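Accompanying notes for the structure given below.
Keep in mind the model is a prediction, meaning the values are calculated, not measured. Remember, it's 1-based here, ligands and their atoms both numbered in the order they're listed.
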Amino acid sequence: MKRHNMLQEARDEATAWDILVIGGGATGAGVAVDAAERGYKTLLLEQHDFGKGTSSRSTKLVHGGVRYLEQGNISLVMEALKERGLLRQNAPHLVSELPFVVPSYSWWEGPFYGIGLKVYQVLSGKYGFGPSQLISKEETLRRLPNVNPDGLTGGVVYFDGQFDDSRLLINLIGTAAEQGATLLNYAKVTGLRKDNQGLVDGVAWQDIETGATFNATAKVVVNATGPFTDSVRHLADPTAKPIIVPSQGAHIVLNRSFLPADTAIMVPHTSDGRVMFAIPWHGHTLVGTTDTPISQTPIEPVALDQEIEFMLETASLYLEKKPTRADILSVFAGIRPLAKSGRGANTAELSRDHTIHIDRNGLISIAGGKWTTYRNMAQDCVDQAATLANLPDKPCATRTLNIHGYHLNARSFGSLAVYGADAPAIRRLIDEDAALGQPLDPELPYAEAEVIWAAREEMARTVEDILARRTRALFLNARAAIRMAPRVAALLAREFGRDAGWQQDQVEAFSKIASGFLPRV
Ligand SMILES: Cc1cc2nc3c(=O)[nH]c(=O)nc-3n(C[C@H](O)[C@H](O)[C@H](O)COP(=O)(O)OP(=O)(O)OC[C@H]3O[C@@H](n4cnc5c(N)ncnc54)[C@H](O)[C@@H]3O)c2cc1C
């Protein structure tokens, strides 16, 4: 994946694309993989970096959604459980099985949640993970050494999937490229073009790096811009009624001592009636999430003080060693693009199903759903897009399509495990130049070679791309990421032939963003 080559292809205005996708998050990348695999000529344009939006800010679960079971949405849970199984099959280097314990503090909780979680397991059918079971107080304490022992009666174990969201996204972009798609980051769609019948037949876009503007023509345009769905629809029809409701969710990241074993905690009922997780992730503890209705959709959402307080308070109820603000290594927020078809005013009750909306001008918008169900969403969307654009009928083949990096024993690559089949190539960089084996910071497991790899092979363009989405430094430890920024800028400058001024601008821009990942103490 070379941005230079992608740019050359995208800027050729003579190309007639079959499908043009706006948005390089999970939804858009999924659509690009599916469309390109079917042989359709596909272009994807992302205004910032791939995964800059919600898709790098999830709870990192590949799951059916225990909460939706409670809400009685069986079909959504079954669909997601099936997709969970397919994703583990197609990206085993990034998706793994994780045990969860629901700790019980009264006699009825064990049997009550035990039955619910058994149903959850049964619904997954042949795509099942490990079996759920009731466990004793002693076993609960063994699996969760820092769980609050006061009044603990036992627990329920069940299994779900866990992943690294932005790494999967980068690998989906790679998969789409291997299937023949053209995908470009830092390419913002600024307008929707229409033919003389008023039907959308292309876009106007800008290369954010140079400011140059271009047009692209397509048989069908898919709007996969998540929280920005309605603003992109307004480019073609300023009167279009909204189809999504944005809702913010935040997470805090603590060190491993808060969850020292490799088992997650699931709290089925917080004081605001939600589910809360504490999850071991890349050697740290991830706690979240919240559900806060918002009216604006900024590109860089910041966790609210009350969200941080709520997560600390809820975690403190369930943990013996209680986290404080000073323990927070990173805090991040994302915006759910919820489909506006739910009944309740509370966003926690809005539909988690996806919606495909076709405007009268022919623009297809796909929004809602979950990371877990991105493949199925893409299949639905490409089916509809192909019909609308009269493209030759081709069946979807992504159920069994390996995702770039596919490797059955990626753990053997140690700290490079997330790269799967690409890990040996990164090792070779270090073999050729031992200096690239240097860690970027003593507190995180990232080496200089990863910066070089991401710049050469994964279309990373900025310090933020490296520290937020190619590695997960910013999400794991914001202070460490700030310390790493000057070295990353120097390595990128060497790769791209940039000067000292560029490095300084990069470090300043990154530090500003990273300050939003640090809570006020
Ligand atoms: C707090 C939280 C926790 C979650 N946890 C989970 C979980 O554990 N498991 C799970 O399965 N799901 C989870 N989800 C849901 C999941 O993350 C989302 O459903 C998914 O990431 C949405 O992806 P998307 O591609 O639709 O949106 P996004 O990832 O936001 O992508 C949209 C992209 O469009 C781009 N864009 C916007 N306008 C333009 C333009 N004009 N030109 C070009 N590009 C443009 C944006 O820059 C952005 O990158 C969670 C969501 C949140 C908010």
Exercise. If you measure every N/O of Arg57 against every N/O of ligand 1, is any gap under 3.5 Å?
Worked result: no
Problem set entry | Heavy-atom side-chain proximity of Thr373 to Lys370 below 4.5 angstrom | yes
Exercise. Purely on distance, is any nitrogen or oxygen of Lys188 under 3.5 Å from one on ligand 1?
Worked result: no
Exercise. Nearest non-hydrogen atom to atom 40 (C) of ligand 1 belongs to which of Leu338, Val62, Val189?
Worked result: Val189
Exercise. Relative to Tyr40, does Arg38 satisfy both conditions: NZ or CZ under 6.0 angstrom from the six-membered ring centre, and within 45 degrees of the ring's axis?
Worked result: no
Exercise. Can you check whether Leu61 has an N/O within less than 3.5 Å of an N/O in ligand 1?
Worked result: yes
Problem set entry | Distance filter under 4.0 Å to Gly249 heavy atoms, resulting ligand 1 atoms | 1 (C)
For this session: Write out the residue and atom name of the closest protein heavy atom to atom 24 (P) of ligand 1, then the distance separating them to 0.1 Å.
Result: Thr27 OG1, 3.3 Å
Exercise. Got the closest protein heavy atom to atom 45 (C) of ligand 1, with its distance?
Worked result: Gln47 CG, 3.5 Å
Exercise. Considering only heavy atoms of Leu45, which atoms of ligand 1 have at least one such atom less than 4.0 Å away?
Worked result: 43 (C), 44 (N)
Exercise. Going by the atom numbers of ligand 1, which of them fall below 4.0 Å from some non-hydrogen atom of Gly369?
Worked result: 19 (O)
Exercise. So which heavy atom on Gly28 is nearest to which on Leu44, and how close?
Worked result: O-CD1, 3.4 Å
Exercise. Can an N or O of Lys52 be found at a distance shorter than 3.5 Å from an N or O of ligand 1?
Worked result: no
Exercise. Quick one: does Thr54 get an N or O within less than 3.5 Å of an N or O on ligand 1?
Worked result: yes
For this session: Around atom 49 (O) of ligand 1, find the nearest protein heavy atom and jot down its residue, atom name and distance.
Result: Glu46 OE1, 2.7 Å
Exercise. How does Ala29 reach ligand 1, by side chain, by backbone, by both or by neither, if only non-hydrogen atoms under 4.0 Å count?
Worked result: neither
Exercise. Tell me, do Ile308 and Val331 make a side-chain contact under 4.5 Å, heavy atoms counted?
Worked result: yes
For this session: For residues Met1 and Glu458, report the shortest heavy-atom separation together with the two atoms involved.
Result: CE-CA, 3.8 Å
Problem set entry | Residue and atom name of the nearest protein heavy atom (relative to atom 31 (O) of ligand 1), distance in Å to one decimal | Gly25 CA, 3.5 Å
Problem set entry | Atom indices of ligand 1 within 4.0 angstrom of Ala187 heavy atoms, with elements | 43 (C)
Seminar exercise, completed: closest protein heavy atom to atom 23 (O) of ligand 1 is Ser55 OG, 3.1 Å
For this session: Could you check atom 3 (C) of ligand 1 against the protein and tell me its nearest heavy-atom contact, residue, atom and distance included?
Result: Thr59 OG1, 3.4 Å
For this session: Please answer whether the main-chain N or O of Phe228 pairs with a side-chain N or O of Ser231 as donor and acceptor at a distance below 3.5 Å.
Result: yes
Exercise. Does Leu304 have any side chain to side chain contact (heavy atoms under 4.5 Å, CB included) partners at least two apart in sequence or in another chain, and if so, which?
Worked result: Gln248, Thr292, Gln306, Glu307
Seminar exercise, completed: If we number the atoms of ligand 1 from 1 as shown, the ones under 4.0 Å from a heavy atom of Lys60 are 8 (O)
For this session: Only heavy atoms count here, so choose which of Ser58, Ser56, Gly23, Ala367 is nearest to atom 4 (C) of ligand 1.
Result: Ser58
For this session: Would you mind checking which non-hydrogen protein atom is closest to atom 27 (O) of ligand 1, with the distance to 0.1 Å?
Result: Gly226 CA, 3.6 Å
Seminar exercise, completed: Under 4.0 Å between heavy atoms, the region of Trp371 that gets near ligand 1 turns out to be both
Exercise. Is the closest N or O pair between Ser247 and ligand 1 shorter than 3.5 Å?
Worked result: no
Problem set entry | Heteroatom distance test (Ile335, ligand 1): nitrogen or oxygen, under 3.5 angstrom | no
For this session: Could you tell me whether Thr372 and ligand 1 have an N or O pair separated by under 3.5 Å?
Result: yes
Exercise. Within a radius of less than 6.0 Å around NZ of Lys2, do more than 12 heavy atoms belonging to other residues, nucleotides or ligands occur?
Worked result: yes
Seminar exercise, completed: Taking only non-hydrogen atoms of Ile22 and a 4.0 Å limit, the atoms of ligand 1 in range are 40 (C), 42 (N), 43 (C)
Problem set entry | Beyond-backbone contact of Asn255 with Asp327, side-chain heavy atoms, under 4.5 angstrom | no
Exercise. At their closest point, which heavy atom of Leu199 faces which heavy atom of Gly362, and how far apart are they?
Worked result: CD2-N, 4.3 Å
Problem set entry | Subset of ligand 1 atoms that lie under 4.0 Å from at least one heavy atom of Gly53 | 29 (O), 30 (O), 49 (O)
Exercise. Any N/O of Ala250 closer than 3.5 Å to an N/O of ligand 1?
Worked result: no
Exercise. Considering only heavy atoms of His251, which atoms of ligand 1 have at least one such atom less than 4.0 Å away?
Worked result: 1 (C), 3 (C)
For this session: Kindly indicate whether a cation-pi arrangement holds for Arg88 with Phe129, taking the cut-offs as under 6.0 Å to the six-membered ring centre and within 45° of the axis.
Result: yes
Exercise. Is there a side-chain contact between Gln47 and Ile22, using heavy atoms and a 4.5 Å cut-off?
Worked result: no
